[in-house]
Each structure stands twice: as C-alpha cells, then as structure tokens.
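Values in this document were obtained by computation on a predicted structure and should not be read as measured data. Numbers restart at 1 for each chain; the letters A, B, ... are given by sequence-line order, proteins then strands. These numbers come from the heavy atoms of this one structure, side chains and all, not from hydrogens, waters or symmetry mates.
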Protein chains: 2
Amino acid sequence: MFSKATEYALRATIYIARKSSEENKLGIEEIAKAINSPKSFTAKILQKLTANNGIISSVRGPGGGFYLSSKAQKRPVRDILHVMEEDGVLGKCVLGLKKCSEAMPCPMHAEYKGIKQQLIQLFEHTTIQQLARDADKIIPSNKQGRH
Amino acid sequence: MFSKATEYALRATIYIARKSSEENKLGIEEIAKAINSPKSFTAKILQKLTANNGIISSVRGPGGGFYLSSKAQKRPVRDILHVMEEDGVLGKCVLGLKKCSEAMPCPMHAEYKGIKQQLIQLFEHTTIQQLARDADKIIPSNKQGRH
DNA sequence: AAAATAAAGGATATTTTTGTCCTTAATTAT
DNA sequence: ATAATTAAGGACAAAAATATCCTTTATTTT
Ligand code: FES
Ligand code: FES
C-alpha cells in the first residue's frame, strides 16, 4: 500500500510517540533498531518529518534526540502520509486512471469507493496518540527509553 | 496501491475482455492507446499474462492479437494481481510489519483488518467479466475493435 | 575553550521499476 | 516459396526508490 519510506515514517513516529517526551528524547540508533529499519535512511525520513515545525521535534547535541510534543501527538496519522507525499494513494483510482471521480468512474469505482472512504476516515480520524496507546496495550511499555 | 505495471495489467485485461473475442482479436497498438499506457512496456505485461495458458490468450501473425477466452473471463480479478505478483499487498500489514496477524498485531491492525477483508473479498469475488460489463455500462461499446 | 554527542545535510551507491528498441518466431496471405 | 503481419523475447536505458557514508552544525559536558 505505502512505500517503505512511508512505512518507516509511520512506525518511527508511533515508536517516538510511545517512548519519548520532551524530557526523554530518543536517538536515531534506538529508533531504527526498534522499528527494524535502516538507520541512515530512517534518519533522512525523520529529517523530513522534523522539517519546518513538522510532526516530530528534534534537538542536537548530548541529551538530544527526537520526541513528539503533546500537540503533535494529537495530529491525525494522515499528516504523516502528507509529509511523505503519499496521502494521494488514499484518493487514487485503483486502476490508475488520472482521476477517481463519479463523473468518469472506472469499472471498480462503485465497489471500491466505500473502501476508499473507510481508508480515508481511518487515517483522518486516528491520531498518532491513539496508535501509540494501542501499541502500548499490545506490548506494554514501561515508558523508559533513555539511550 | 498497485504498481503501474499492475494498473496497466488490470486496465488492459478489462479492455481486452470488453472488446475482443476469439474471432476478433486486438493488437497491442490499439490496447496501449485505449488504456493510455506505454506500448512496449504493456507488451511485456501482456506476455506475462499470456504465459503458460494464463489469463490472456494470444495468436501471432496476421489477424492475430490478444483475446480472452470465455473461461478466462470468469476468473476473479485477483488472478491478475497474482500473475503480477502483487496479490501480497492485499494481505500486507499497513505499517509494513513482516507479518500481519492477530498474534502480533500492529497498532492499526484492529481498525484495518476489516478494510483489508473487504479489499480481499472485492478482488476475489469480482470477475473480469463483471468489470468488463460494468465498463460497458459506463461507456457503451459497440463491440467492434478490429485493428 | 576543547571535547564529546547527536541531528542535519550533501554526495554517492545500489536496487527496483519503468520504459524503449531491435531481433526472432509464428502465422497468414499472396 | 515469399512477403507481410503480429506477438515473443532479449538487451539496454532512464528514472525512481532505497540505502550508505561522510562532513557539517548545534548543543552540552568537561
Ligand atoms: S475511478 Fe477508479 S476507483 Fe474511482
Ligand atoms: S499487523 Fe499491521 S495490519 Fe495487521
């Protein structure tokens, strides 16, 4: 569904949301290890998510690292897709027509549009925080994570 | 959602299903033009779909071309994905975990699995023929198509 | 001030996907 | 038989996605 870059972005952001706070930042080493992604490539992705007051916050130097502000935690998951320039896939035609519309629908449109709507709703209504909490429910975390 | 190759495969197969028969085959030129895809690349894809008694039938030489047997018409759309080796995307974890399962679910799993099931059902239960007919309903075809 | 730490950023490499072109093989028409 | 037509297949090219490495910048600790 999504590119590897976007998958890493989602996993990393959720991990950071779970394990970090402004007082307890995470290093790229730990993050990449935890989400099972290539370190340097993940660093690039976090740069994207960090750029111009983005979703993730970062601080350089000793004690620095990545964290999510409580404001950022409340943002919808779709914002991550947007930064990764892949939110388009949610609205795209399954058959790859230039435009998915009622005016010029492909033969799968009628059956697919409901699913598409659910996908959009899911990513729009789910916040990063909700996913972080769900993840914690699945694998309870002790909210440590110093590196 | 799918690669360009798979999108072309879907569009081409549906087009062939609509416009061809064993007595009225279609050339690659017409197909590529009709579905708005690069000709040579589409030819490769049709080769894949044609290989070892696949979904599409083909005949070389004058009067030759591509067509779909009535048996092939009844196959589920998912078979196209399978040949293109992309049926995996339907079962994949949205966050890219190695395995999507109840045993080791990602934080989106609970919300996503319903959508996933619908997607699988859609591609499993929809036949090529059904899509071809739907397409004909949208843009009525006079079932010509000699090239 | 100097050293250490950690992210930011640039350059480059590798792999995959997408795309083109040309030759070969099969089939039909002349 | 020869020529014409059309898909099959191989080789290659271009672009995009994925990945690594090294240098620079900001920040903190000594
Ligand atoms: S037009 Fe194809 S999904 Fe809407
Ligand atoms: S485990 Fe991620 S969608 Fe099922």
Side-chain angles (χ1 to χ4, degrees), chain A residues 1-9 11-12 16 20 22-33 35-68 83-86 88-89 96 145-147, chain B residues 1-13 16 20 22-33 35-68 83-86 88-89 96 145-147:
Chain A
M1 166 110 65
F2 301 118
S3 67
K4 296 219 172 173
T6 295
E7 289 176 353
Y8 299 153
R11 298 216 298 271
I16 296 167
S20 83
E22 192 157 358
E23 306 81 48
N24 185 14
K25 309 187 192 75
L26 304 181
I28 183 64
E29 189 96 36
E30 176 188 347
I31 295 166
K33 211 162 273 174
I35 68 168
N36 188 33
S37 67
K39 190 176 72 169
S40 294
F41 190 48
T42 307
K44 291 270 187 259
I45 291 162
L46 293 192
Q47 273 178 42
K48 248 187 165 173
L49 292 163
T50 304
N52 35 266
N53 273 313
I55 294 164
I56 298 176
S57 306
S58 74
V59 174
R60 295 195 237 195
F66 299 93
Y67 68 98
L68 251 78
V83 172
M84 299 305 292
E85 295 165 296
E86 282 206 39
V89 306
R146 207 75 220 53
H147 50 277
Chain B
M1 167 108 67
F2 300 119
S3 67
K4 297 224 170 171
T6 295
E7 289 176 353
Y8 299 153
L10 291 165
R11 298 216 300 271
T13 306
I16 295 167
S20 83
E22 193 158 358
E23 305 82 48
N24 186 15
K25 310 188 192 74
L26 304 181
I28 182 63
E29 189 96 35
E30 175 187 348
I31 295 166
K33 211 162 271 174
I35 68 168
N36 187 35
S37 68
K39 190 177 73 170
S40 294
F41 189 46
T42 307
K44 292 266 186 261
I45 292 163
L46 294 192
Q47 273 178 44
K48 248 187 165 174
L49 292 163
T50 305
N52 36 268
N53 272 314
I55 295 164
I56 298 176
S57 306
S58 73
V59 175
R60 296 196 236 193
F66 299 93
Y67 68 98
L68 251 79
V83 172
M84 300 305 293
E85 294 165 296
E86 281 206 39
V89 306
R146 211 73 217 52
H147 51 278

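Side-chain atoms of A:K44 lie closest to D:dT20 of the nucleotides D:dT20, C:dC21, C:dA8. In the set D:dA8, C:dA7, D:dA19, C:dA7 carries the atom at the smallest distance from any side-chain atom of A:I28. Candidate nucleotides D:dA7, C:dT18, C:dA8 were compared by shortest atom distance to the side chain of B:F41, and C:dT18 ranks first.
The CZ-P distance, from B:F2 to C:dT18, rounds to 13 Å in whole Å. Computed from coordinates, the B:M84 CE to C:dT16 P distance equals 17 Å when rounded to whole Å. Going from atom CG of A:N24 over to atom P of C:dA6 covers 13 Å, rounded to whole Å.
OP1 or OP2 of C:dG19 has at least one side-chain nitrogen or oxygen of B:Y8 nearer than 4.0 Å. The phosphate of D:dA8 (OP1 or OP2) has a side-chain N or O of B:S58 nearer than 4.0 angstrom.
In this model, no side-chain donor or acceptor of B:K4 finds a partner on the base of C:dG19 within 3.5 Å.
Each of A:K39 and B:A51 was matched to the nucleotide of DNA chain D holding its nearest heavy atom; the match closer to the 5' end belongs to B:A51.
In this structure, A:E86 contributes its side chain and A:T6 its backbone to no donor-acceptor pair below 3.5 Å.
Using a 4.0 Å heavy-atom cutoff across all strands shown, B:S40 reaches at least one base atom of the nucleic acid. Within the 4.0 angstrom heavy-atom criterion, no nucleotide atom of any strand lies near A:A43. Residue contacts shown for B:L46 are absent, as no nucleic acid heavy atom lies under 4.0 Å away.
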Side chain to side chain contact (heavy atoms under 4.5 Å, CB included) evaluation trace for A:V59 with A:E22: CA-CA 10 Å; A:V59 174; A:E22 192 157 358; over 6 Å; no
message: Applying side chain to side chain donor-acceptor pair (under 3.5 Å) to B:S58 and B:T50, what does each step give before you reach the verdict?
response: CA-CA 7 Å; B:S58 73; B:T50 305; 4.6 Å; no
query: Are B:F66 and B:I28 close enough, and set up right, to give a side chain to side chain contact (heavy atoms under 4.5 Å, CB included), and what steps lead you there?
result: CA-CA 8 Å; B:F66 299 93; B:I28 182 63; 4.2 Å; yes
message: Strictly under 4.0 angstrom, non-hydrogen atoms only: write out the protein contact profile of nucleotides 24-30 of chain C, one letter per nucleotide from the 5' end, B, S or -.
response: -BBBB--
